[in-house]
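So the structure is just underneath, and the comments pick up after that.
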Protein chains: 2
Amino acid sequence: MESTDRQILALLSADGRMSYTDIGKATGLSTSAAQQRVRRLEQRGLITGYHASLSAEALGHPLTAFVETKAFDPADDDKAARLLEAMPEVVSCWSVAGDASYVVLVQVANTAELDALLSRIRGQAKMDTTTTVVLTTHFRDRTLVAPSDA
Amino acid sequence: MESTDRQILALLSADGRMSYTDIGKATGLSTSAAQQRVRRLEQRGLITGYHASLSAEALGHPLTAFVETKAFDPADDDKAARLLEAMPEVVSCWSVAGDASYVVLVQVANTAELDALLSRIRGQAKMDTTTTVVLTTHFRDRTLVAPSDA
DNA sequence: CCTGAAAACACATGTCA
DNA sequence: TGACATGTGTTTTCAGG
């Protein structure tokens with residue numbers, strides 16, 4: 001991958017609705033050349049999609065927390081991902097090495113809702129939980145577009 | 001906020017490059033009405049931006065990990081956010097309540113790079129680290145567009 | 001990677017309820 | 001205030017080279 005492509009990735013990370021014309025202007029390409037590059041970046045899987053970022057605060061979910069979970073019975077561990085996915089408050093979900101099975105990031109309205117969610121995780125998913133409340137989100141999903149080639 | 005607006009948020013979360021014409025078709029609005037709604041959602045801060053999602057794997061950073069950090073000296077805690085932000089491997093950074101000061105999500109090429117990064121965090125930022133390697137990312141930044149009004 | 005032209009789209013303005 | 005119609009300028013898209 002080359003410098004122009006990396007530049008395009010940086011531009012589209014910053015503004016996912018940028019027009020091909022503007023991408024062309026910024027990179028010294030014609031509109032159609034820019035479009036072709038973008039299409040190739042999509043096809044090669046470097047760009048996986050475009051998304052509007054929504055404000056959890058403005059949507060009424062100002063409270064963010066990490067919840068580490070661990071199934072009481074290790075046999076239930078596989079179902080857990082699906083159960084967690086079914087909970088709308090759970091916005092991200094990772095399997096991790098180490099003590100916990102899953103780490104999830106949740107967005108809720110207040111502590112009462114957090115409490116209710118944790119009960120549901122314990123009850124439905126039969127998992128132990130360890131919760132860490134987020135005080136400030138300094139940055140999120142910042143994009144790394146300096147590094148290696150592809 | 002009303003049902004149409006929530007629908008628009010869901011559409012733009014799923015496809016951030018959707019045209020106003022298509023949004024209109026999907027919601028039963030005219031192109032210009034759809035455009036107006038979107039503009040208002042942006043102005044009211046519900047939509048904070050549009051971004052291309054890049055594949056960390058395709059970019060050569062297949063290894064994801066959480067790093068909990070805590071400054072040796074609590075007085076250094078404020079500087080830490082800036083130091084962490086200066087490290088390109090750190091893609092997300094949260095301040096948290098509890099034992100750690102910060103939780104960061106990092107994306108690196110391999111364990112050697114992770115090792116080097118942790119050394120830098122300890123050395124530069126003067127922080128203790130506790131690292132949890134991610135095995136699978138089940139989903140990330142899934143959007144919550146059912147909930148409350150605004 | 002570029003040119004060029006047709007189709008689709010964006011967006012401002014004006015109108016109506 | 002919210003939806004829509006229309007007109008103008010852009011952008012997209014698909015020929016071609």
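Residue numbers start from 1 in every chain, and the chains themselves are labelled A, B, ... in the order their sequence lines are given, proteins ahead of strands. Note that the structure is a prediction, hence the values are computed from the model and not measured.
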Under 3.5 Å, is there a donor-acceptor pair linking the side chains of [X] and [Y]?
X         : Y         : value
Thr64(B)  : Gln107(B) : yes
Thr129(B) : Arg122(B) : yes
Gln36(A)  : Tyr20(A)  : no

query: Within a strict 4.5 Å, meaning less than it, do heavy atoms of the Leu12(A) and Tyr50(A) side chains meet?
result: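 Counting from C-beta outward, Leu12(A) and Tyr50(A) do come under 4.5 Å.
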Pair Arg140(B) + Asp141(A), salt bridge at N-O below 4.0 Å: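 Here Arg140(B) pairs with Asp141(A) in a salt bridge, since their nearest N and O are under 4.0 Å apart.
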field: Electrostatic pair Arg120(A)-Glu113(A), nearest N-O below 4.0 angstrom
entry: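 Salt bridge: no.
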- prompt: Which nucleotides of nucleotides 2-17 of chain D have their base under 4.0 Å from a protein heavy atom (B), which only their sugar-phosphate (S), and which neither (-), written as one string 5' to 3'?
  reply: SBBB-----SBBB---
message: Please identify the 5'-most and 3'-most nucleotides of DNA chain C with any atom under 4.0 angstrom from a heavy atom of chain A.
response: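 Contact boundaries, 5' end first: dC1(C) to dT3(C).
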- prompt: Would Val108(B) end up clustered with Met127(B) when hydrophobic side chains under 4.5 Å apart are linked, directly or stepwise?
  reply: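 The answer is yes; both residues are in one hydrophobic cluster.
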